[in-house]
Every structure is written in structure tokens, then in C-alpha cells.
Amino acid sequence: MFSKDPNVEGTLLQEPTTEDMVQFERAQCSYENLSERFMLKQRNFGRQYAHIYAVRLWVMKARLVKAAKRKWGDDVCIRKLSEMETGETCVVIGTLFKHMELKPSILKDISEEEGAMPQPPRAKYTEDADNLILEDEVQRVSLEGKLDVQTSVTGTIVAVYGAEDESGRFQVKDFCYADLPAQNSLQAPEEDRFVVLVSGLGIGSNQDNLLELQLLVDLVTGQLGDVGDQKSAANIVRVIVAGNSLSESTQDKDSLTKAKYLSRKTAAGSVEAMKVLDDFLVQLSSCVDVDVMPGDFDPANHVLPQQPLHRCMFPRAMKYPTMHTVPNPYEASVGDVRFLGTSGQNVDDIYKYSSLENSLEILEKTLTVGHVAPTAPDTLGSYPFHDSDPFILESCPHVYFVGNQAKFQSKILEGDSGQRALLVTVPKFSQTQSCVLVNIRTLQCEVLQVQAAWDDGEQPMQE
């Protein structure tokens, strides 16, 4: 999109011209916010979490029946666990539960009070002794066989094909997940239109990337680069900030345990960071539509779905109608291209409770199982829904992204019914100084790095 060397055509450094200055109009695209199901109408935390698992199984079971018949034939025997007979080959549909000894538990956490050593935090909580259990509406059974324990996670709806042995264990010969849901027909714009995906700004840390942030603003708003770069920047129709705009260091957990008289005159670290973020967003929103998603370190509710950041946090940026605060997960249609993404909590949680290492592979798995956050509410905080599960994928997105990852990756995933989805992992800007440009006309993407580095031996100017 942007020229690699701005001096190739000699348009950046040249003699002054008497011609009129070239001006470019910002391109426009249709937009529709499709995140209504992630907005909480009421906040009742007195319910049990069993309801969301029951709804998940009930809604997805019909899709699993179709997938099972497509894979093993229309005459395949589909049973409930209570109807299954020993030795009978059949298909059973249910919810996976992964028994893990290393999984953190509140009972284990309070064991410190009894004098036992608390469990140390781990990057991963898997071990060879983990095992899978399948639950349906009324019963459960242990699984053995082809279904890989270490790549599976709790909360996944699956259809298993096999038979129960004499010991009462179900021997899995094959399995399948829900097929990719139907996808709306793609009516892409005739000309190139770009959406910028950026995450992990990390404002408020000891190593702020304020220069790189300003370079990003100048590039998107067309104040940086030559005429060719400015023409390309004019085709950016939207910027999506995918969470963690503030740094983890802005969360002062010690203030919760301090006496109030000790912290009465102490300003929270997030206050100044929010002012800097507001200054950053007011520049962007003055030129282009901006959607800001909350993340794990942002001042929003912790459990999913995270509600939009309050507009009072952005007193300057919110004066522009192009500034939008949106929930996490977030779904929208931009130029008839459906975007769906999260700030990264769902992928990070699956990473901790499975052997999967690659973020793009985990993102693909959530799409193939038909659920954005299968580990919620078991190991990932979630609101206790009782009549719906908003994380179920009802339609296949055209662009499926996850923010706050270690590096940029992308892949085109094609379904059996002609679905075609672009999967994108958005790197942390605070660590990589890069964002992702998605061309909604071609569904191609590229990484854009705005890193400002000094040459060897060259030092920044001192005042």
C-alpha cells in the first residue's frame, strides 16, 4: 500500500512547485455495528453458570447432527448417553470437560491458609495425566481414543463416533465439530478500501512509544510521506483499536490493600494514561472513523463480554461523531465485509489450557468449533447468561481477528460450503510498533511498521 522508499519517484524531496497543492478526499464506506448481542441489558450475577452450557449444547446440537450425518452418512446412529448400550457403535453429541490437576482452583488458593504451599503461576497448565469427559443433558462419560486430549479444551461442543467398552469408557474412533456457519455473500467495494487493526498501545508504561504513536497518527491522517502515501492513506476508512490501550503497569493492585488515608492524595496511574490516549484518539477521530475496544488492562469490566469504555473517559475525542467505543468481542460490517474480533483473552486462555502454541492455530480452532470463547466461563471470566450464548458463531465472518498477540500472522480459511474467511493475529503495538492493514476489496492484509530507530552512533537531540 505505502511506498517502501518515498524517494523512488522523487516526490518527497524536490524543488518547490507553483502548482496547486494536491488534496485527497477521505474515502467512505457503509458501516453497521453488529455487536448488539454483546451488550448487557441487565447485570444479574446471582445465576448459575449451568444455564449457559445448557443453551450452548441446545443451540449447537442441530448443527452437530448435520455435520455428523454429512461425515458418517445419513443412517448413522445418534444416541444420548442415557440411551447408549455397551458395544453399540453410535454418535454421541455433548460438551467436553477437560479434567486437569494443575488447573487453578479457589479451593487450592485458600490452601495457603492451612499452611500448604500455594500453586505457583504457570504459562501452561497441561500435563500427561489430563483426560476428557463428555457431558450431555443428563449424563457424562470418560473418553479415550482418537480425540486428542492436549489440543482440546473445556466447553467445546463435539460429536464423537465410537462405542462404550465394558469398563464404561467411550472409545472414540472419529469425531467432528460444527461446520462453519453460513456466510453472507461478499459485495466488496470496487476500489481499494483499507481498515487498520491495531492493538496493545500500552500507554502509561515506563517505555512509552509516544513517537511511534504519533508517526502512526500522522500516517493514517495523511500528514506523513509523499503524495503516493497520502493518496493511499485517504483510502483508510476505519481504525479498530483492539484492546489494551493502557499498559498493565497502570493497574496499581497495591492501592486495593492500602488504607484510604495513605492513598487519598495519590492519583491512579491510569488517569494520566487516559489523557494521553484521549490526545491520541482526538487526532485520529478528526480524520477517520475509530472504534475502540476494551482490553484486559483497560478500565472496563473484567469478564466477557467487556462493555464499551465510558464516553466520559474521552472528553475531547468524543466530540467527534467518528469516535466510537465498542464492546469486546466486537462485530461490524464495513463496506458489506463482516469483521469479528476480540482483544485476545479468548486465545490467551486456550493457550494456557491446551498444548496449542500458535495464536493463528488457536484462532482457527475457535472458528472451526463454532464458538468465540469455548473456555468461558470455566477458566475465562464470563457473564452468567441464562437464555442465550452470544459467543456462538451464528454466521461466518469475512475477517476474523484477535488482538494483543506476539506477532503478525494471517491465513485464508475456506469452508466446505464456499465460506472464505481471513484470519489475522494483530501484534502488540507497544512491542512491535506495527499494525495491520486489511484491504476489504481483496481480503488481503499486510503489516505496517512505524518504528523510529536511530542509526548507529546517532543520538537524539538533547535540549
Side-chain angles (χ1 to χ4, degrees), residues 49 52-53 56 95-112 117-133 143 147-158 177 199-200 202 242-244 247-248 251 253 293-298 300-306 328-329 341-383 391 400-409 423-428 430-431:
Y49 281 105
I52 191 172
Y53 284 117
R56 185 180 305 177
T95 307
L96 284 181
F97 173 75
K98 188 173 181 179
H99 179 72
M100 307 174 68
E101 287 293 339
L102 297 179
K103 185 173 72 172
S105 168
I106 184 61
L107 297 178
K108 294 179 181 178
D109 291 342
I110 63 175
S111 65
E112 184 179 4
M117 290 296 293
Q119 181 181 356
R122 297 170 176 263
K124 282 185 174 290
Y125 295 92
T126 58
E127 63 173 357
D128 295 337
D130 297 341
N131 60 86
L132 293 176
I133 298 172
L143 300 180
L147 186 59
D148 187 14
V149 176
Q150 298 304 332
T151 59
S152 302
V153 292
T154 296
T156 305
I157 309 297
V158 63
Y177 300 116
S199 67
N244 284 358
S247 169
E248 184 179 9
Q251 296 184 330
K253 297 180 180 179
M293 300 167 56
D296 203 19
F297 307 141
D298 295 326
N301 60 299
H302 181 71
V303 299
L304 295 182
Q306 288 183 292
N328 169 39
T342 69
S343 297
Q345 294 99 319
N346 57 333
V347 170
D348 295 341
D349 195 67
I350 294 176
Y351 171 86
K352 290 189 291 185
Y353 296 98
S354 72
S355 62
L356 300 173
E357 298 281 348
N358 188 285
S359 298
L360 188 64
E361 184 181 357
I362 298 175
L363 186 66
E364 180 180 351
K365 188 175 183 66
T366 62
L367 190 58
T368 55
V369 303
H371 202 274
V372 175
T375 57
D378 181 51
T379 54
L380 181 62
S382 169
Y383 179 78
F391 305 115
Y400 188 36
F401 67 91
V402 58
N404 298 291
Q405 300 306 300
K407 61 180 180 180
F408 162 74
Q409 298 178 88
L423 277 59
V424 183
T425 62
V426 185
K428 299 177 183 178
S430 60
Q431 297 181 1

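Atom set for the values below is all heavy atoms of this structure, side chains included, hydrogens, waters and symmetry mates excluded.
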Item to check | Worked verdict on N404 versus V426 for side chain to side chain contact (heavy atoms under 4.5 Å, CB included) | outcome: CA-CA 6 Å; N404 298 291; V426 185; over 6 Å; no
Pair [X]-[Y], side-chain donor/acceptor within less than 3.5 Å:
X: N358; Y: Q409; result: yes
X: Y400; Y: T366; result: yes
X: N328; Y: Q345; result: yes
X: D349; Y: T379; result: yes
X: T126; Y: D130; result: no

Looking at [Y], is its backbone amide N or carbonyl O close enough to the side chain of [X] to form a donor-acceptor pair, meaning the two atoms are under 3.5 Å apart?
X: K103; Y: Y125; answer: no
X: T425; Y: K407; answer: yes
X: S430; Y: G202; answer: no
X: Y49; Y: S382; answer: yes
X: N244; Y: D296; answer: yes

Residue pair [X] / [Y]: nearest heavy atoms and the distance that separates them:
X: Y53; Y: P377; result: OH-CD, 3.4 Å
X: T151; Y: S355; result: CG2-OG, 3.5 Å
X: S152; Y: D148; result: OG-O, 2.6 Å
X: A242; Y: S199; result: O-CB, 3.3 Å
X: I350; Y: S354; result: O-OG, 2.7 Å

Next on the checklist: As a quick check of understanding, evaluate side chain to side chain contact (heavy atoms under 4.5 Å, CB included) for T342 and V372, giving each step before the final call.
Outcome noted: CA-CA 9 Å; T342 69; V372 175; 3.7 Å; yes
Within-4.5 Å side-chain heavy-atom neighbours: [X] and [Y]:
X: V369; Y: I157; answer: no
X: T154; Y: M100; answer: no
X: L102; Y: R122; answer: yes
X: Y383; Y: N301; answer: no
X: P374; Y: F391; answer: no
X: T156; Y: T95; answer: no

Next on the checklist: Please evaluate residues K428 and Q405 with respect to the criterion side chain to side chain contact (heavy atoms under 4.5 Å, CB included), reporting the C-alpha separation (whole Å), side-chain torsions for both, the decisive distance (0.1 Å), and the verdict.
Outcome noted: CA-CA 6 Å; K428 299 177 183 178; Q405 300 306 300; over 6 Å; no
Checklist entry - Name the one of I133, V153, L147 that satisfies side chain to side chain contact (heavy atoms under 4.5 Å, CB included) with L96? => result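 Only one of I133, V153, L147 forms a side chain to side chain contact (heavy atoms under 4.5 Å, CB included) with L96, namely L147.
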Next on the checklist: Could you check whether K124 makes a cation-pi contact with Y353, meaning its NZ or CZ is under 6.0 Å from the centre of the six-membered ring and within 45° of the ring axis?
Outcome noted: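 Verdict for Y353: no cation-pi partner in K124.
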Distance from [X] atom [atom1] to [Y] atom [atom2], nearest 0.5 Å?
X: E101; Y: D128; atom1: CD; atom2: CG; result: 13.0 Å
X: D348; Y: L380; atom1: CG; atom2: CG; result: 9.5 Å
X: N131; Y: F97; atom1: CG; atom2: CZ; result: 8.5 Å
X: H371; Y: R56; atom1: NE2; atom2: CZ; result: 3.5 Å

Checklist entry - Is K98 paired with D378 through a side-chain N to carboxylate O contact shorter than 4.0 Å? => result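 Answer for the salt bridge query: no.
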Checklist entry - Would L304 and Q306 satisfy side chain to side chain contact (heavy atoms under 4.5 Å, CB included), going step by step from the backbone distance to the final call? => result CA-CA 5 Å; L304 295 182; Q306 288 183 292; 4.1 Å; yes
